[in-house]
> 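Encoded as C-alpha cells, here's the structure I'll be asking about.
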Amino acid sequence: MKPAFPSIQRIAYEGVNSKNSLAFKHYNAEEIVAGKAMRDHLRFAVVYWHSFRGTGSDPFGAGTMQRPWDDGSQSVRNAQRRVRAAFEFISKLGAPYYCWHDRDVAPEGKTLAETNRNLDAVAEVLKAEQQRTGIKLLWGTANLFSHPRYVHGASTSCNAEIFAYAAAQVKKALEVTHVLGGAGYTFWGGREGYQTLLNTDLKREQEHLAKFLHLAVAHKQAIGFKGQFYIEPKPKEPTKHQYDSDAAACLNFLREYDLLPHFKLNIETNHATLAGHTVQHELEVAGAAGALGSIDANTGDELLGWDTDQFPTNIYLTTYTMLTVLKYGGFKTGGVNFDAKVRRESFEPIDLFYAHIGGMDAFARGLKIAAAIRQDGRLAEFVMQRYASWDAGLGAKIEAGKTTFRELEAYVLKRGEADANVSGRQEYLENLINEFI
Ligand code: XUL
Ligand code: CO
C-alpha cells in the first residue's frame, strides 16, 4: 500500500523556539516530569471513530474530509486498508495508544455472524499493525447507538430482543479487545436514556442497564480479561436525558447496583460542560471516589450548546485537568484519549496532524505547569492551612466521630461565638496560577 501521509515524517520534539508547525514544542516523550516520562504520564490515544471514520458531514451538508486511502465502500478490504493508514498516522504522530468502537473498524454485515467475521478479519490486521508499530489499544467499545435497531436504546430498550443483541455485540467487542491486549473497555450509554418520560419506565430501564453491566463483568471474568471497565458520563445527546448523566450520577448508579468495584469513570471534557460542570469538577468527583480512570480529551465551544468535540488547546484547561490527575496519583490503565474531531472545514489529511500535535502540546504544557505548581507547594499549602481547624482539637474530634450535637451545643454556648473566618483568597490563588502559565 502507498503511504497515506507521504509528505510527513515522524513528528519530532523541537522545543519552544521551533517554528515548525509539524513538530512538538512541549511534548517530549522521554522527558522526565515529576519523576516519570511524559509519555507515561499522558498515555496519549488517537480515536479511530473521529479521525478515521469522521466524514465532516453535518445536518446541513455532506462530508468534506479528503481521505485518499479510503474508497468510501463498506468492504472489509477498505476497512483493512484504513487500519494501515491509521497506524501510519499514529506512529508518525508518536502516540502510544488508540481506541475504537467495533463498528468503526469493521463494517456491519447482514447477520451478526457475518458482522463478527468482518470484525475478526479486521482485528487480524489491527493485531499485526499493533505488533509492527508497538502501538497499543487503550480501550475498545461497542457502538450500541448508530444502527436503527437501537432506536429505543440498547440495554435500556423496551424491546428485550434488543437487549440480547446488544449483549451479543458487547460479548464480541470484549473478546476482540481482549485478543488485542486492550488496557480497558468503555461503556458509553449511547442511547441509554429517554426522549420523554411519558413512554418510559425509568426504574425498569435502569435495572436493565445494571443487569447488562453485571453480565458484562461476568463475561469479562469468564474470558480472563484483566483490563479496566469504564463508564463514560454524558448528560444528553443523543437522548434528552442520558442515565449516565454526570460523574456523581454514575457513581450513585454503580453503588446502588453493586458495580462500583468493577468500574472507573472515563471523564470527557465536553460532556462535563454539557452537564453544567467543569472537567476538573468531574475529575475531582471521580477521584474522590477512587474512580478516576481515564480522560476523553476535547473541548466544547462556550457559545454553542452541543458536543462539538474540538481538540483542546486551552492551557488553563489542560493545567487544571493535570493538576487533578496528578493529585490522584496519575493514570494507571487510562490515558489522555483525544475524543475530538477536526472541523468540517479542516478537511485535508494534514489537519489531523495539526490537531493532534496541538492537543498533545497543550497537554504537555498542562502537565509541566501542574507539576511546577505542585513542586512549588504554595497552592497545596494554602489548601492545607485552610482546613487547619480540623487537624487538632475540636475539628479532629468531629472527624473522628467522637462527638454529639449535645456536646457541640455545649461547646458553642460556653464560647458564645465561633472563631472568625479567614479569607478564601480566590484572586490571590488565581494570580498564583498565572505565575506558572
Ligand atoms: C460520544 C462519545 C463516544 C464515547 C465512546 O459523545 O464520547 O465517542 O467516547 O463511545
Ligand atoms: Co467520549
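Every number for a ligand or one of its atoms is a count from 1 in the order of the listing. For the single chain, residues carry numbers from 1 onward in sequence order. In this text the structure is predicted, and so the values were computed from the model without any measurement.
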> Restricting to N, O or S atoms, which atom of Asp339 is closest to the Co ion (ligand 2)?
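Answer by atom name: OD2.
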> Side chains of Leu197 and Leu202: does their closest heavy-atom pair fall under 4.5 Å?
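The answer is yes; the side chains approach within 4.5 Å.
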> Under 4.0 Å, heavy-atom basis, I'd like to know which part of His101 is in contact with ligand 1: side chain, backbone, both or neither.
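Answer for His101: side chain.
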> Is there a nitrogen or oxygen of Glu268 sitting under 3.5 Å from a nitrogen or oxygen of ligand 1?
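Between Glu268 and ligand 1, an N or O pair is found under 3.5 Å apart.
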> Could you tell me how the ring of Tyr150 sits relative to the ring of His147: parallel (under 30°), tilted (30 to 60°) or perpendicular (over 60°)?
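Ring orientation of Tyr150 relative to His147: perpendicular.
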> Ring pair (Phe, Tyr, Trp, His ring centres under 6.0 Å) with Phe52: which of Trp100, Tyr98, Phe89?
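Of the listed residues Trp100, Tyr98, Phe89, the ring pair (Phe, Tyr, Trp, His ring centres under 6.0 Å) partner of Phe52 is Phe89.
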> Geometry only, no angles: is Thr186 polar-contacting ligand 1 at N/O separations under 3.5 Å?
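N/O-N/O distance below 3.5 Å does not exist for this pair.
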> Going by the angle between their ring planes, with limits at 30° and 60°, are Phe225 and Phe229 parallel, tilted or perpendicular?
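Answer is tilted, since the angle falls between 30° and 60°.
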> Can you tell me which portion of Asp296 lies within the under-4.0 Å heavy-atom range of ligand 1? Options are side chain, backbone, both, or neither.
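Answer for Asp296: side chain.
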> At the 4.0 Å heavy-atom cut-off, does His271 count as touching ligand 1?
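The answer is yes, since His271 has a heavy atom less than 4.0 Å from ligand 1.
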> Between Phe145 and Trp188, what is the ring plane arrangement, given parallel below 30°, perpendicular above 60°, and tilted in between?
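Perpendicular: the ring planes of Phe145 and Trp188 meet at over 60°.
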> Say whether Asn266, considering both its backbone and side-chain N or O atoms, lies within less than 3.5 Å of an N or O atom on ligand 1.
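Among all N and O atoms of Asn266, none is under 3.5 Å from an N or O of ligand 1.
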> Relative to ligand 1, is Asp307 under 4.0 angstrom through side chain, backbone, both or neither, heavy atoms considered?
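Contact part for Asp307 vs ligand 1: side chain (C-beta onward).
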> May I ask you to decide if the ring planes of Trp139 and Trp49 are parallel, tilted or perpendicular, using 30° and 60° as cut-offs?
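Ring orientation, 0 to 90° scale: tilted.
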> Using only N, O or S atoms, tell me which atom of Asp296 is closest to the Co ion (ligand 2).
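Restricting Asp296 to its N, O and S atoms, the minimum distance to the Co ion (ligand 2) goes to OD2.
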